[in-house]
Number of protein chains: 2
Amino acid sequence: MLKFESDNKPKDDSVPASVPTDDDEPVGHRGDKRERILDAALELFNDRGFHGTPMPLVAEQAGVAAGTIYRYFESKEALVNALFHYWYSVLNRDLFDEDWAQRPLRERFHLHWERLANFAFTHPRAYAFLNLHFHSTYLDDESRAEIMRHWERGEAFFAEASEQQVTKNLPPEMLMLMIDGLFTGMFRSHVLGMVEMTPELIRAGEECAWATVRR
Amino acid sequence: MLKFESDNKPKDDSVPASVPTDDDEPVGHRGDKRERILDAALELFNDRGFHGTPMPLVAEQAGVAAGTIYRYFESKEALVNALFHYWYSVLNRDLFDEDWAQRPLRERFHLHWERLANFAFTHPRAYAFLNLHFHSTYLDDESRAEIMRHWERGEAFFAEASEQQVTKNLPPEMLMLMIDGLFTGMFRSHVLGMVEMTPELIRAGEECAWATVRR
DNA sequence: CTGGAATGAATGAATATTCATTCTGTGGCG
DNA sequence: CGCCACAGAATGAATATTCATTCATTCCAG
C-alpha cells in the first residue's frame with residue numbers, strides 16, 4: 001500500500017536536473033549549483049519567510065559561496081520569483097492538459113483532485129511554498145501570470161458546473177476557494193504530522209470535497 | 001439586509017480602548033498610542049510580513065515616534081506576539097463558552113460557524129493576521145498556548161462527533177483542518193473582492209461545510 | 001516646577017550585493 | 001606526455017544600506 005511520508009526524511013522537491021536555466025543565465029556551466037540554490041531557498045523561505053532568510057544562509061545551505069548566487073540570480077527577489085514561477089508552472093502543467101479539458105465535469109473534478117494531491121504530496125515543500133507566498137508583494141508579473149492561469153481554469157470549471165446546475169447555486173469563486181481551502185486543510189493535516197496520508201484518505205478527501213459543492 | 005464590506009473602507013479591527021495594557025506596561029498613561037501602534041502593526045504585518053516591516057514604518061503609520069513604540073513593547077517580537085496573543089484570545093473567547101460546550105453536536109457546529117464568521121468578518125485584518133502568522137518561528141509560548149487552546153477544542157469536538165458516528169469515519173484532525181480551510185476559502189473569496197459576503201452566503205457556507213463532514 | 005511621556009537623531013548590528021582575487025578544467029604546443 | 005596560457009566559474013572579504021533599538025533631550029499636564 002503506497003503511502004506518503006510525513007516526517008522529515010528527504011522530500012523530493014528538488015528541481016529536476018533538466019530544468020532549463022531559465023534563459024540568459026551563464027551558458028557553459030554543467031554543475032548543479034543553480035538547483036542547489038533553488039532547493040536551499042525553497043526550504044529556508046518556507047521555514048523563515050522571504051525577508052527572514054539572509055542570502056548568506058541560503059548560500060551556506062546550498063553549499064555555495066554567497067557571491068555565487070548572483071551568478072545565477074539577479075537579486076534575492078529574482079530568486080524567489082524564479083522559485084515561485086518555476087513551481088507554479090509545474091503545477092499548472094500537471095493539473096491541466098488538453099485531455100482534461102474535455103472530460104465530463106465530475107471526472108474533471110476527480111482528475112484535478114488526484115493530480116493536485118500528487119503534486120502536493122510528492123513536492124510538499126513546493127506546495128507549501130506556493131501557498132505561503134502567493135499573496136506576497138514581491139511577486140513579479142511572470143509569477144502573477146502563473147497564478148492567473150491557475151485561477152482562470154478554476155473559475156471556468158466552477159462557472160460551467162454552476163450553469164449546468166451540477167454544483168450548488170453559489171458564486172463560483174466562493175466554491176473554488178472553499179475547495180482549495182479544503183484541500184489545503186487535508187494537506188496540512190499531513191504536513192503537521194497529525195495524519196499519515198494514504199491514497200485512501202486522499203480519495204476520501206475528494207468525496208468530502210465533492211459533497212461540499214455538489215447540488 | 002446586512003452585508004459586510006469588501007473594499008477598503010475602514011474595517012473595525014482596532015483594539016478596543018478597554019484592552020488592559022497587557023500587564024507591566026507603563027501605568028499612568030491615558031492615551032490611545034498603544035492601540036494605534038497595535039493597529040498599524042496589524043495592517044503592516046498583514047501586507048508586508050513581519051520581517052518585511054521596519055519599525056519606523058509602524059511608528060509612522062501609528063502617528064508616533066519610533067522610540068515611543070518601545071515604551072509599550074519590549075521589542076518587535078514582543079509587538080507581534082502581543083498582537084497575535086491578543087486577537088487569538090478574543091477569538092477563543094468568542095468561539096467557546098460554557099453554554100456552547102453542552103449543546104448537541106450539530107448545534108455546536110452551527111454556533112461555531114456563526115461565531116467564527118462573525119469574528120472573521122468584523123475583524124478581517126485580525127483574522128487574516130492570525131491565519132498568516134500562526135506558523136511563524138517568532139511566536140512565543142503565550143501565543144502558542146492560545147493556538148493550543150483553540151485546537152484542543154476543535155479536536156475534541158471532532159473526536160466526539162466521530163465516536164457518535166455523526167461525522168465521516170476519518171481522522172478528526174483531518175476533518176478539523178478541512179473545515180478550517182473551507183472557512184478560510186470562503187473568507188478569502190470575500191477579502192479578495194470576488195464575493196460580497198452576506199449572512200445568506202455564510203449560512204450556505206455552513207451547509208457546505210456540514211456536507212463535507214457529516215456521515 | 002517637576003516627573004513621566006514622547007521624541008527622533010544616533011548607534012551598532014545585520015544584510016544584500018559587489019568585485020578583486022583565486023581556482024579549475026580545457027586545449028594547444030613543444 | 002608535460003607544460004602553459006586562458007576563460008569562465010567560484011569565492012568571500014569589503015561595501016553600502018537598512019533597520020532595530022537606545023538615549024539625551026524636549027514636551028507637557030498637573
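Because only heavy atoms are used, hydrogens play no part in the values below, and waters and symmetry mates are left out as well, while side chains stay in. Everything numeric here is computed off the predicted structure, so don't read it as measured data. Just so we're on the same page: letters track the sequence lines, and every chain starts at 1.
- Between the side chains of B/Glu206 and B/His110, a donor-acceptor pair is found at a separation under 3.5 Å.
- Atom CG of B/Leu57 and atom P of C/dG8 are 16 Å apart (whole Å).
- Ring geometry, A/Phe119 versus A/Trp87: the interplanar angle exceeds 60°, so the pair is classed perpendicular (tilted spans 30 to 60°).
- Counting only residues at least two apart or in different chains, side chain to side chain donor-acceptor pair (under 3.5 Å) contacts with residues 45-65 of chain B are absent.
- Here the C1' atom of nucleotide C/dA5 and the CZ atom of B/Arg71 are 5 Å apart, to the nearest Å.
- Within a 6.0 Å sphere centred on CG of B/Asp141, heavy atoms belonging to other residues, nucleotides or ligands number 12 at most.
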Show each protein N/O and nucleotides 17-21 of chain C N/O combination with a separation under 3.5 Å, one pair to a line.
| unit_1 | atom_1 | unit_2 | atom_2 | d |
| --- | --- | --- | --- | --- |
| C/dT17 | OP2 | A/Tyr70 | OH | 2.6 |
| C/dT17 | OP2 | A/Lys76 | N | 3.0 |
| C/dT17 | O5' | A/Tyr70 | OH | 3.4 |

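- When the nucleotides C/dA6, C/dA16, C/dG8 are ranked by their closest atom to the side chain of B/Tyr72, C/dA6 comes out on top.
- The existence of a salt bridge linking B/Arg93 and B/Glu146 is excluded, since no basic side-chain nitrogen approaches an acidic carboxylate oxygen closer than 4.0 Å.
- Rounded to a whole Å, the CD atom of B/Glu60 is 13 Å from the C1' atom of C/dG8.
- The side chain of A/Lys33 contributes no N or O atom lying less than 4.0 Å from OP1 or OP2 of D/dA9.
- Using a 4.0 Å cut-off between charged side-chain N and carboxylate O, A/Arg108 and A/Asp99 make no salt bridge.
- Rounded to an integer number of Å, the gap from CZ of A/Arg34 to C1' of D/dA9 is 16 Å.
- The interatomic distance linking A/Ile69 (CD1) with D/dA9 (P) rounds to 17 Å, in whole Å.
- Spacing between atom CZ of B/Phe73 and atom P of D/dT22 amounts to 15 Å, rounded to whole angstrom units.
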